[in-house]
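Right, one structure below, let's go through it.
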Amino acid sequence: MRSTVSHIAKEAGVSPATVDRVLNGRDGVRARTRDIVMEVATRLGYFGPVASQARQEIRMEFLLPAGNNTFMLMLRKFLFEEAASYGGINASLHLIEAFDPETLALKLRELEGKTDAVALVALDHPIVREAINHLASTGIRVATLVSDISSVNKIGYVGIDNRAAGRLAGLLMGRFLGDGQKHNTAIFIGSSAYRGHEEREMGYRSILAQDFPLHKIVEIIPVSEDRDRAYDAARSLLSSKSIKGIYNIGSGNQGIGRALREAQRGRDVVFIGHDLTDATRMMLLDRTMDAVIDQNPRVEAREAVKLLVSAVRGSKEPEYLPRLQVIFRENIPTF
């Protein structure tokens, strides 16, 4: 059965109206978006059965942090769905406990000679960079996902501009708090080993210093991507300091939200975090959170698999930076 417009829209990460415009040759769609829609429509058989091609099976590995981070759980699901939609991909998942650089580097080295392509959430550490470069030197294609790493031999990065995301959070915080009086804010950070988290912190700091100098960052709290640790830290913070704004760079939103609700501070502390999930959706609705800066894990999974498949088959896809979207209580999209 031929694929539907709604199915194509879901896989391409766009609206059905955009798909309709592309398929009917109407204007008003960016060239990059048009290419994505046409590629997905062709792959899903919208224009008729896809001719079988005698291609060797591609072995593909996904290296992601273990744990209960909802965004990462969604990303796992979409990576496997995308790999399955291509056909001819043998995909495997490797969850790295504690996501420390030594364990990640060891796993990368273990993959030598056993795979064709690797997508990983990267830790910016010398031994990880060395392991990536060694793996790439053996002919294995490597792409970074969600958090980038510089000065390595990779085919590309799929993820948002994290420094821009941090600046966006700073702008939102400053506008929510206003610029007429001094306010204290706090940053919760998952791990500075993630280049993406470090870049978000830099962006947030820069916009506050530049445009909202009255608002001070009085605490930077590492929570190691743990919601219980985030809860304990937020509880202590709210009881000991005069805080009017919290920016959570990584996971742990549920822990911070719980502490805010228990302290009955959900309406007077501005709380900004990342990634639209069931939990952050509910916190937006009950006004515990004020804004969520979202990246689309389905789109990132699609682009990462596409990037790796093209590289293994000898062609080249450009890097793709998914669009940042700010979600408020009034514009929560349906999943």
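Just so you know, these numbers use all the heavy atoms, side chains as well, and skip hydrogens, waters and symmetry mates.
Not one N or O on the side chain of Glu61 forms a donor-acceptor pair closer than 3.5 Å with the backbone of Val118. A side-chain donor-acceptor contact under 3.5 Å links His215 to the backbone of Gly178. Here the side chain of Asn248 pairs a donor or acceptor atom with the backbone of Ser251 at under 3.5 angstrom. A donor-acceptor pair under 3.5 Å links the side-chain atoms of Lys154 to the main chain of Ile149, judged by distance alone. Judged by distance alone, with hydrogens and angles left aside, the side-chain atoms of Lys216 form a donor-acceptor pair with the main-chain N or O of Pro213 at under 3.5 Å. Remark: side-chain polar atoms of Thr33 are not paired, donor with acceptor, to backbone N or O of Val29 under 3.5 angstrom. Listed for the Arg287 side chain is no donor-acceptor partner under 3.5 Å among the backbone atoms of Arg267. In this structure, the side chain of Asn253 does not engage the main chain of Thr280 through any donor-acceptor pair within 3.5 Å. Proximity of a side-chain donor or acceptor of His94 to a complementary backbone N or O of Leu63 within less than 3.5 Å is not detected. In this structure a side-chain-to-backbone donor-acceptor pair under 3.5 Å is present from Arg265 to Ile243.
Transitive grouping of hydrophobic side chains (ILVMFWY, heavy atoms separated by less than 4.5 Å) brings Val40 and Val22 into a common cluster. Placement of Val142 and Leu93 within a single hydrophobic cluster is found when ILVMFWY residues are connected by side-chain heavy-atom separations under 4.5 Å, directly or transitively. Cluster annotation: Ile189 is not connected to Met202 through the hydrophobic network of ILVMFWY side chains, with a link wherever side-chain heavy atoms come within less than 4.5 Å. Both Ile249 and Ile220 belong to a common hydrophobic cluster when Ile, Leu, Val, Met, Phe, Trp and Tyr are linked at side-chain heavy-atom distances under 4.5 angstrom. One hydrophobic cluster holds both Val218 and Ile246 under the rule that ILVMFWY side chains link at heavy-atom gaps under 4.5 Å.
The pair Arg129-Asp124 meets the salt-bridge criterion, with a side-chain N (NZ, NE, NH1 or NH2) lying under 4.0 Å from an Asp/Glu carboxylate O.
In this structure, Asn296 CG and Leu324 CG are separated by 11.5 Å, a value rounded to the nearest 0.5 Å. Atom CE of Met283 is separated from atom CG of Asp278 by 11.0 Å, given to the nearest 0.5 angstrom. One distance of note links CZ of Arg141 with CG of Leu135; it measures 11.5 Å at 0.5 Å rounding. Here the straight-line distance linking atom NE2 of His125 with atom CG of Asp100 works out to 9.0 Å at 0.5 Å rounding. Rounded to the nearest 0.5 angstrom, Leu172 CG and Ile272 CD1 are separated by 5.0 Å. Taking CG from Leu237 and OG from Ser242, the interatomic distance works out to 10.0 Å, rounded to the nearest 0.5 Å.
Smallest separation of non-hydrogen atoms from Leu145 and Leu64: CD2-CD2, 4.5 Å. Shortest non-hydrogen contact noted between Thr144 and Ala122 is CG2-CB, 4.0 Å. The two residues Ser150 and Arg195 have their closest heavy-atom pair at OG-NH1, 3.5 Å. Closest approach of Pro65 and Leu95 over heavy atoms only: O-CD2, 4.1 Å. Summarising the geometry of Leu307 relative to Ala143, their closest heavy-atom pair is CD2-CB, 4.0 Å, with the distance given to 0.1 Å. Across all their heavy atoms, Ala41 and Ile8 have their closest contact at CB-CD1, 3.8 Å.
Just one of Arg302, Arg76, Arg298 meets the salt bridge (Lys or Arg N to Asp or Glu O under 4.0 Å) condition when paired with Glu81; it is Arg298. Partner of Glu300 under the side chain to side chain contact (heavy atoms under 4.5 Å, CB included) criterion, out of Gln295, Met74, Glu82: Gln295 alone.
Crowding of Lys182 atom NZ: a count of heavy atoms from other residues, nucleotides or ligands under 6.0 Å not exceeding 12. For Asp286, the CG atom counts as densely surrounded, since its 6.0 Å shell holds more than 12 non-hydrogen atoms of other residues, nucleotides or ligands. Applying the 6.0 Å contact sphere to CZ of Arg235 captures no more than 12 heavy atoms from other residues, nucleotides or ligands. Within 6.0 Å of the CZ atom in Arg175, the count of heavy atoms belonging to other residues, nucleotides or ligands does not exceed 12. By the neighbour-count criterion of 12 heavy atoms within 6.0 Å, atom CZ of Arg323 is sparsely surrounded, having that number or fewer from other residues, nucleotides or ligands.
No hydrogens or angles considered: nothing links the side chains of Asp275 and Thr277 as a donor-acceptor pair under 3.5 Å. If you check the side chains of Arg167 and Ser206, you find a donor sitting under 3.5 Å from an acceptor. For the residue pair Arg59 / Asn90, no side-chain donor-acceptor distance below 3.5 Å is found, with atom types taken as modelled. The closest side-chain donor-acceptor pair between Tyr194 and Glu199, if any, does not fall under 3.5 angstrom. The closest side-chain donor-acceptor pair between Ser147 and Tyr157, if any, does not fall under 3.5 angstrom. Side-chain contact of Glu112 with Thr138: a donor-acceptor pair under 3.5 Å is absent, judged by distance alone. For the residue pair Asn133/Asn153, the side-chain donor-acceptor check at 3.5 Å is not satisfied.
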- Stepwise side-chain contact (heavy atoms from CB on, under 4.5 Å) check, Arg163 with Arg200: CA-CA 5 Å; Arg163 195 169 192 277; Arg200 290 178 190 179; over 6 Å; no

Determine, stepwise, if the pair Glu110 / Lys107 fulfils salt bridge (charged side-chain N to carboxylate O under 4.0 Å, His left out).
CA-CA 5 Å; Glu110 288 176 354; Lys107 175 54 67 177; 3.1 Å; yes

*Evaluation steps, salt bridge (charged side-chain N to carboxylate O under 4.0 Å, His left out), between Lys241 and Glu219*: CA-CA 9 Å; Lys241 291 186 182 295; Glu219 289 278 351; 3.7 Å; yes

Let me see the working for Asp116 and Met60 under side-chain contact (heavy atoms from CB on, under 4.5 Å), right down to the final yes or no. CA-CA 6 Å; Asp116 301 300; Met60 189 175 295; over 6 Å; no

### Message
Please evaluate residues Asp232 and Arg229 with respect to the criterion salt bridge (charged side-chain N to carboxylate O under 4.0 Å, His left out), reporting the C-alpha separation (whole Å), side-chain torsions for both, the decisive distance (0.1 Å), and the verdict.
### Response
CA-CA 5 Å; Asp232 291 337; Arg229 187 174 296 187; over 6 Å; no

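In this structure, the side chains of Arg34 and Thr18 stay at 4.5 Å or more apart for every pair of heavy atoms. In this structure, Thr185 and Met173 have side chains that are in contact, with non-hydrogen atoms separated by less than 4.5 Å.
If you look at Phe271 and Tyr247, their ring centroids are not closer than 6.0 Å.
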